2 protein chains.
Amino acid sequence: MTRANEAWESLMKAYSVLMKQFNAEDIWGDLTMREYDVLYQLSKCDGPLRMSELNRHVLLSQPALSRMVDRLADRGYVDRCPDPGDRRGVRLTLTPAGRATQRQIGSPHARSVTRALSVLTPEELEQLAAITGKLSQSEE
Amino acid sequence: MTRANEAWESLMKAYSVLMKQFNAEDIWGDLTMREYDVLYQLSKCDGPLRMSELNRHVLLSQPALSRMVDRLADRGYVDRCPDPGDRRGVRLTLTPAGRATQRQIGSPHARSVTRALSVLTPEELEQLAAITGKLSQSEE
DNA sequence: TAGTGACTTATGCGTTTGCATCTACTCTAA
DNA sequence: TTAGAGTAGATGCAAACGCATAAGTCACTA
């Protein structure tokens, strides 16, 4: 077992442990964590996002994302309008309700994240962000 | 946005990017990555594993894991026998076929992992393992 | 400008998931 | 020894998922 494999396994375990921990918290209202993630990704970009672009940031197959956006649109959280420049595409934006919901859930969730990572020193946080950043940049 | 939140977001992104990358590789045969993970977790422990113990290492709900083990047992990869010490419980072991399949997939997968993490220095690998280890230990 | 291949999103369909609940067993203590 | 609380895993069911593919659009070329 190489160092790389140990590191990856450790990363996966941390992801799994923390995900379960966050999921168990009673802050998600009528959203699943995956749905929240979609709203969060949309909230980060001010401009409208293409479906394919959003799909790059979310761990979901393209059809699954398509349908999830469908449901979020039905529920009034997301606005999907045709892209005038490319009629194949769609432009996604948060509705005011979607933005409000994202903020309402995001706030306590951000506190949970801070609490969960509070076992790390500021230097370790810095290192973690730098190293994982390097990993995701390496291949996109 | 605190350092902690940035670090967590960066970790999630790395997880998502690498997972997609690994999933896209043509090495999984008739298994999904989740199924492979179950076989892998079983392969790590020599002794038989309880369902609940296995569930702690896998990002799946208890019923989903129960049924996945069901299917893996049907397919001859996993042996589930009643725990003599606790008749509620089950003892899970890899069958020879399960172990062989795990190794067959694990080998190229381990190489992929090594390749994907090769952008990191040995020191960074060390730090990543240490930091993520700290994260998952903090709450179990 | 008609044809071909690439790209973007949607849909059909069988499988898998999570939630709630159930059954069966264990443990504690009266 | 037995009632009641707790734990382990299984099952019913609706919702969500991934794979394969369809439908519509773009871009390039003959």
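What you are looking at is a predicted structure, and each value in this text was computed from that prediction instead of being measured. Below, read A as the first sequence line, B as the second, and so on, with proteins coming before strands; counting in each chain starts at 1.
Aromatic pair Trp8(B)/Tyr15(B): centroids not less than 6.0 angstrom apart.
Between Thr132(B) and Ala7(A) the shortest heavy-atom distance is OG1-O, 4.5 Å. Shortest non-hydrogen contact noted between Ala4(B) and Val113(A) is O-CG1, 4.1 Å. Here the closest non-hydrogen pair linking Ser10(A) and Gly133(B) is OG-N, 3.2 Å. Listed here is the closest heavy atom pair of Arg80(B) and Asp70(B): NH1-OD1, 2.5 Å.
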Using a cut-off of 4.0 Å between protein heavy atoms and nucleotide atoms, how would you tag nucleotides 3-12 of chain C 5' to 3' with B, S and -?
-> ----BSBBBB
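Checked for salt-bridge contact, Arg3(B) and Glu124(A) miss the test: no charged N lies under 4.0 Å from a carboxylate O. Using a 4.0 Å cut-off between a side-chain N of Lys or Arg and a carboxylate O of Asp or Glu, Arg50(B) and Asp86(B) qualify as a salt bridge. Ionic pairing of Glu25(B) and Arg111(B) is not present here: no N-O contact between side-chain nitrogen and carboxylate oxygen is shorter than 4.0 angstrom. Arg75(A) has a carboxylate O that lies under 4.0 Å from a charged side-chain N of Glu35(A), or vice versa, which qualifies the two as a salt bridge. Between Arg91(B) and Asp79(B) there is no salt bridge, since no side-chain N of the basic residue sits under 4.0 Å from a carboxylate O of the acidic one.
Applying the 4.0 Å criterion to OP1 and OP2 of dA24(C), one finds that Arg87(B) has every side-chain N and O outside that range.
Within the nucleic acid shown, Leu60(A) comes within 4.0 Å of sugar-phosphate atoms alone, with no base atom in reach, counting heavy atoms only.
Taken from CD1 in Ile131(A) to OG in Ser136(A), the straight-line distance is 12.0 Å, to the nearest 0.5 Å.
Comparing Leu65(A) and Pro84(A) by the nucleotide of DNA chain D that holds the closest heavy atom to each, the one mapping nearer the 5' end is Leu65(A). Of the two residues contacting DNA chain D, namely Leu59(A) and Leu49(B), the nearest-nucleotide position lying further toward the 5' end is that of Leu49(B).
Atom-to-atom, NZ of Lys20(A) to P of dT17(C) comes out at 13 Å; the value is rounded to the nearest Å. Residue Asp74(B) contributes atom CG, which lies 11 Å from atom P of dT16(C) at whole-angstrom precision. Per the geometry, CG belonging to Asn23(A) stands 9 Å off P belonging to dG18(C), to the nearest Å. Atom CZ of Arg71(A) and atom P of dT17(C) are 16 Å apart (whole Å).
Shown for residues 28-45 of chain A: residues whose heavy atoms fall under 4.0 angstrom of DNA chain D, namely Arg34(A).
Heavy-atom contacts of chain A under 4.0 Å fall on DNA chain D between two terminal nucleotides, which in 5' to 3' order are dA16(D) to dC26(D).
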